[in-house]
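Presented below is the structure to which this report refers.
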Amino acid sequence: MINNTLAVGIQGIQDGMVGMENAARKIARGGTDGPQGTAEGPGSLIEPIVDLKVYERSVEASAQVVKTADETLGTLLDIMA
């Protein structure tokens with residue numbers, strides 16, 4: 001059960017890092033991906049900045065999952081020793 005929890009936490013961190021990298025790329029390109037004349041049009045950085053923050057929080061939450069699983073495993077090892 002703890003191994004599964006660790007795996008989920010680590011996968012969440014990896015997915016979040018990929019998302020952050022993609023959002024950072026869009027920001028570096030200046031938000032030139034959206035259709036012209038809209039809020040997502042060329043030069044709009046709203047969506048990639050929001051995405052970057054969402055992925056940042058996702059990585060933080062996943063890191064907390066890993067930390068909690070590690071602490072639980074440590075407690076179990078202490079009990080068994």
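In this text, all values refer to a predicted model and were calculated from it rather than measured experimentally.
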- Item | Residue M20 excluded, over 12 heavy atoms near CE under 6.0 Å | yes
- Query: Are Y55 and I13 connected, step by step, through hydrophobic side chains (Ile, Leu, Val, Met, Phe, Trp, Tyr) whose heavy atoms are closer than 4.5 Å?
  - Reply: yes
- Query: What is the minimum heavy-atom distance between P48 and I27, and which atoms define it?
  - Reply: CB-CG1, 3.6 Å
- Note on the structure: Residues pairing under salt bridge (Lys or Arg N to Asp or Glu O under 4.0 Å) where one sits in residues 68-81, two or more places apart or in two chains, turn out to be none
- Message: Taking salt bridge (Lys or Arg N to Asp or Glu O under 4.0 Å) as the cut-off, I'd like each qualifying pair that reaches into residues 15-25, sequence neighbours left out, listed once.
- Response: E21-R25
- Transitive ILVMFWY side-chain link L76 to V66, under 4.5 Å: yes
- Message: For the OG atom of S44 and the NZ atom of K26, what is their distance to the nearest 0.5 Å?
- Response: 11.0 Å
- What are the two closest heavy atoms between S62 and G9, and how far apart are they? CB-O, 3.3 Å
- Query: Among all residues two or more places apart in sequence or in another chain, which pass the salt bridge (charged side-chain N to carboxylate O under 4.0 Å, His left out) test with K67?
  - Reply: none
- Sequence-distant partners of Q14, side chain to side chain donor-acceptor pair (under 3.5 Å), two or more places apart: none
- Message: Going by the rule side chain to side chain donor-acceptor pair (under 3.5 Å), which residues pair with T5 if we only count those two or more places apart in sequence or in a different chain?
- Response: none
- Query: Should V65 and M1 be counted in the same cluster of Ile, Leu, Val, Met, Phe, Trp and Tyr side chains packed under 4.5 Å apart?
  - Reply: no
- Are V8 and L73 linked, directly or through other ILVMFWY residues, by side chains that come within less than 4.5 angstrom of each other? no
- Task: Write out all pairs satisfying salt bridge (Lys or Arg N to Asp or Glu O under 4.0 Å) with one or both partners inside residues 48-60, taking only residues at least two apart or from two chains.
- Result: K53-E56, R57-E60
- Query: If you take all heavy atoms of G30 and L45, which pair is closest and at what distance?
  - Reply: C-CD2, 3.3 Å
